[in-house]
Novice: 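Below is one structure. I have some questions about it.
Counting starts at 1 for both ligands and their atoms, in listed order. Note: hydrogens, waters and symmetry copies are ignored here, and every other heavy atom, side chains too, is used.
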Amino acid sequence: MIPRHAPYEESADFTIGLKPIGEAAWLEGGETDPAARKDPLFATCREVVWGETPRSHTGQAEVLRLIDETLGPASHQPDLPDLYAAARRTPDDLVLMEKHDGAWRVSALSLCAPTFFTAHDVLGRSLAEIHGPVHGFAARFLARVERIFEGLRPGLILERRNWSLVNSDQSFTPDPAPIRARIGSIDPADAGFELFVRVERQTLRRLPQTGGALFTIRVWLHPLDDLLDDPPRLAAFARAWRAAPADFRDYKRLGLYDDLVEGFLRDHGAG
Ligand code: HEM
C-alpha cells in the first residue's frame with residue numbers, strides 16, 4: 001500500500017510546519033469503528049488514555065457539537081464525558097487546549113494512540129512544560145507556537161505532520177521501554193516488516209464559542225516494506241534518515257535502528 005503521509009519528504013528536522021487546510025480535509029476518517037479500539041482502553045486504563053480538568057466541561061461540550069456538526073448527528077451515552085463521546089466517533093485523539101493562568105494548557109484529552117506519553121503526563125500542563133523534552137523547542141519554537149494559539153482565527157484549520165521510526169505496529173504505545181527492549185532481537189532480514197514508519201498527523205483549530213483550541217492527533221503506521229512500492233518515496237526516506245540532525249536523531253532514538261535501516265536501504269538499492 002502506498003503510505004498516505006510522507007512528511008520526511010519535506011523535512012528531516014523538527015519543524016512547526018503548520019499549513020492551512022480546508023474544512024472537508026479536517027478529519028481523515030479511514031477507521032470503521034474507532035470506538036471498538038478506544039472503549040476497551042477507556043475501560044481498562046483510563047488514567048493513561050483520558051484526563052479532564054473540572055473547568056473543561058463547557059469546552060468539551062463545544063468539541064462534541066463541532067464533531068457532531070462535522071460527522072452528522074449521533075446519540076451519545078449520557079454517562080460519558082463530552083470530549084470522550086466526541087473522540088470515540090473519530091480515529092483521531094482529541095486534545096482540548098484552554099488558556100488559564102497566562103498559558104495555553106491541556107484542559108482535557110482523549111489519547112488512545114499515544115507516542116510515548118500518557119494523558120496523565122500532560123493534563124493541566126502548558127505548551128512549554130509539555131515540550132520540555134523536545135530538544136531546542138523552547139529556543140526555536142515556543143514563542144511562535146504560543147502566538148499561533150493566540151491568533152487562531154475561527155474557521156482556520158492548521159495541519160502538521162511528524163515522523164519517526166519504531167519497531168511496533170501498535171498505535172497504543174504509552175511507554176517506549178518494552179518496545180526498545182526488543183530491538184536487539186530483530187533479524188536484519190526482517191527489518192522491512194518489523195520496523196514501522198510512524199507518522200502523526202495533527203490539526204489545530206479555534207473553538208469560537210469558548211475561545212479554546214482543539215488539537216487532534218492521528219497516528220498512521222506502515223512497515224518499511226511499503227516504501228518499496230514507491231521508489232521516489234524510498235529515496236526521500238533514505239535522504240531524510242541520513243540528513244536528520246543530531247538533536248532530532250537523539251530525541252527520536254533513531255540511532256537504535258541505524259544498522260537495521262541501513263541494511264534495509266542497501267538491500268533495496270537505496271544504499
Ligand atoms: C500546534 C502546535 C504544536 C507544534 C508546532 C508542536 C511541535 C512539536 C514538536 C516539533 C515536537 C517534537 C516531535 C515532532 O517532531 O513533532 C512535539 C512533541 C510533542 N508535542 Fe507538540 N506541538 C504542538 C502542539 C502540541 C499540543 C497542543 C500538545 C498537547 C498534548 C503537544 C504535545 C506534544 C508531546 C506530548 C510531544 C512529545 C514530548 C515528549 O517527548 O515528551 N504538542 N511537538
Novice: Under 4.0 Å from a heavy atom of Lys252: give me the atoms of ligand 1 that qualify, with their elements.
Specialist: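 Under 4.0 Å from Lys252, ligand 1 has these atoms: 13 (C), 14 (C), 15 (O).
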Novice: Looking at NZ of Lys99 and CG of Leu127, how far apart are the two atoms once the value is rounded to the nearest 0.5 Å?
Specialist: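 Going from the NZ atom of Lys99 to the CG atom of Leu127 covers 10.5 Å.
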Novice: Hey, is Arg105 touching ligand 1 through its side chain, its backbone, both or neither, going by heavy atoms under 4.0 Å?
Specialist: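 It is neither; nothing of Arg105 touches ligand 1.
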Novice: Check ligand 1 against Pro133 and write out every atom of the ligand that is under 4.0 Å from a heavy-atom position of the residue.
Specialist: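 Atoms satisfying the 4.0 Å criterion: 39 (C), 40 (O), 41 (O).
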Novice: Hey, looking at atom 40 (O) of ligand 1, which of Tyr251, Phe116, Phe149, Trp104 has the closest heavy atom?
Specialist: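 Ranked by closest heavy atom to atom 40 (O) of ligand 1, first place is Tyr251.
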Novice: Within ligand 1, which atoms have a heavy atom of Phe14 less than 4.0 Å away?
Specialist: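 Those atoms are 12 (C), 15 (O).
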Novice: Count the heavy atoms belonging to other residues, nucleotides or ligands that lie under 6.0 Å from CG of Asp259, then report whether that count exceeds 12.
Specialist: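 12 or below, so no.
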Novice: Checking a contact table here: which protein heavy atom is nearest atom 16 (O) of ligand 1, and how many Å away?
Specialist: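 Protein heavy atom at minimum distance: Asn162 ND2, 2.8 Å.
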Novice: Distance-only, no hydrogens or angles: does the Asp68 side chain make a donor-acceptor pair with backbone N or O of Pro73 under 3.5 Å?
Specialist: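 Side chain of Asp68 to backbone of Pro73: no pair is present.
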Novice: Cut-off 3.5 Å, no hydrogens considered: what does the side-chain donor-acceptor table look like for residues 7-20, sequence neighbours left out?
Specialist:
residue: Glu9; atom: OE2; partner: Arg233; partner atom: NE; Å: 3.1
residue: Glu10; atom: OE1; partner: Lys19; partner atom: NZ; Å: 3.2
residue: Glu10; atom: OE2; partner: Arg161; partner atom: NH2; Å: 3.1
residue: Ser11; atom: OG; partner: Asp13; partner atom: N; Å: 3.0
residue: Ser11; atom: OG; partner: Asp13; partner atom: O; Å: 3.0
residue: Asp13; atom: OD2; partner: Arg140; partner atom: NH2; Å: 3.2
residue: Thr15; atom: OG1; partner: Gly17; partner atom: N; Å: 3.1

Novice: Is the side chain of Asp250 donor-acceptor paired with the backbone N or O of Asp247 at a distance under 3.5 Å, no angle test?
Specialist: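 Not at all, since once roles are kept as given, no pair shorter than 3.5 Å links the two residues.
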Novice: List the closest protein heavy-atom neighbour of atom 1 (C) of ligand 1: residue, atom name, distance to the nearest 0.1 Å.
Specialist: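 Answer for atom 1 (C) of ligand 1: Phe215 CE1, 3.7 Å.
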Novice: Is a donor on one side and an acceptor on the other found under 3.5 Å between the side chain of Lys252 and the backbone of Val166?
Specialist: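 Pair absent, no side-chain N/O of Lys252 close to backbone of Val166.
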Novice: Got a donor-acceptor contact below 3.5 angstrom from the Lys38 side chain to the Arg89 backbone?
Specialist: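 It does not hold such a pair.
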Novice: Have a look at Arg125, Glu146, Arg160, Glu200 and point out the one with the heavy atom closest to atom 4 (C) of ligand 1.
Specialist: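 Considering heavy atoms of Arg125, Glu146, Arg160, Glu200, the nearest to atom 4 (C) of ligand 1 sits in Arg160.
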Novice: Taking the cut-offs as 6.0 angstrom to the six-membered ring centre and 45 degrees off its axis, would you call Arg46 and Tyr84 a cation-pi pair?
Specialist: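 Pair Arg46/Tyr84 does not count as cation-pi.
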Novice: Under 3.5 Å between some N or O of ligand 1 and some N or O of Thr15?
Specialist: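 Not met; the criterion fails.
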Novice: Kindly give the heavy-atom pair with the smallest separation between His131 and Phe137, and that separation in Å.
Specialist: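 Closest approach of His131 to Phe137, heavy atoms only: CB-CD2, 3.3 Å.
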Novice: Identify, by atom number and element, the atoms of ligand 1 in contact range of Phe117, meaning under 4.0 Å from any of its heavy atoms.
Specialist: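 Taking each heavy atom of Phe117 in turn, ligand 1 has 35 (C) under 4.0 Å.
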Novice: Going by an N to O cut-off under 4.0 Å, is there a salt bridge joining Arg182 and Glu194?
Specialist: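 Looking at Glu194 together with Arg182, the answer is no, because their closest N to O distance does not fall below 4.0 Å.
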Novice: With 2.8 Å as the limit, jot down which protein N, O or S atoms are around atom 21 (Fe) of ligand 1.
Specialist: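 Only His131 NE2 fall inside 2.8 Å of atom 21 (Fe) of ligand 1.
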Novice: Nearest 0.5 angstrom please: His5 NE2 to Glu28 CD, how far?
Specialist: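 His5 NE2 to Glu28 CD: 3.5 Å, rounded to 0.5 Å.
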Novice: Which atoms of ligand 1 have any heavy atom of Met97 under 4.0 Å away?
Specialist: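 Near Met97, the atoms of ligand 1 are 27 (C).
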